[in-house]
Amino acid sequence: MPQGSGPGPSRTRATTSPAQLARCPPLAQALCLESYADLDMARRWSATWAGLSRACHYHGYELAPTQVELRAWRDDVERVIGALAPRMR
């Protein structure tokens with residue numbers, strides 16, 4: 001079947017409790033985020049994680065992140081935490 005035709009992947013709600021998920025590695029938690037938050041939030045978190053990861057793995061030929069980028073990433077992390085906090089109780 002050509003790519004883009006037919007039904008897309010099914011999205012199911014998470015069956016893992018937040019307490020169980022908290023014991024999983026960060027990558028597994030990130031992959032499950034779409035089940036706990038909306039798609040936009042999951043995508044935003046993915047982009048933020050990539051930016052923070054890139055900033056933490058410094059290479060001499062790359063520019064350091066700007067103050068504006070760092071603040072934006074911090075704000076994104078706070079939004080994700082704020083969106084997920086009520087669901088973690």
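A quick note: this is a predicted structure, and the numbers were derived from the prediction, not measured.
Residues L70 and W45 share a hydrophobic cluster, clusters being chains of Ile/Leu/Val/Met/Phe/Trp/Tyr side chains in contact below 4.5 Å.
The CH2 atom of W49 lies 8.5 Å from the CG atom of L27; values are rounded to the nearest 0.5 Å. If you take SG on C32 and CD on Q20, they are separated by 10.5 Å, rounding to the nearest 0.5 Å. To the nearest 0.5 Å, atom CG of residue L52 and atom CH2 of residue W73 are 6.0 Å apart.
Legend: salt bridge (charged side-chain N to carboxylate O under 4.0 Å, His left out) pairs involving residues 67-76, not counting sequence neighbours, sorted by first then second residue: R44-D76, D76-R79.
Closest approach of A28 to L21, counting heavy atoms only: O-CD1, 4.5 Å. L33 approaches A42 most closely through the heavy-atom pair CD2-CA, 3.8 Å.
More than 12 non-hydrogen atoms from other residues, nucleotides or ligands lie less than 6.0 angstrom from CD of E62.
The closest side-chain heavy-atom distance from M41 to D38 is below 4.5 Å. The shortest side-chain heavy-atom distance between T48 and V80 does not fall under the 4.5 Å cut-off.
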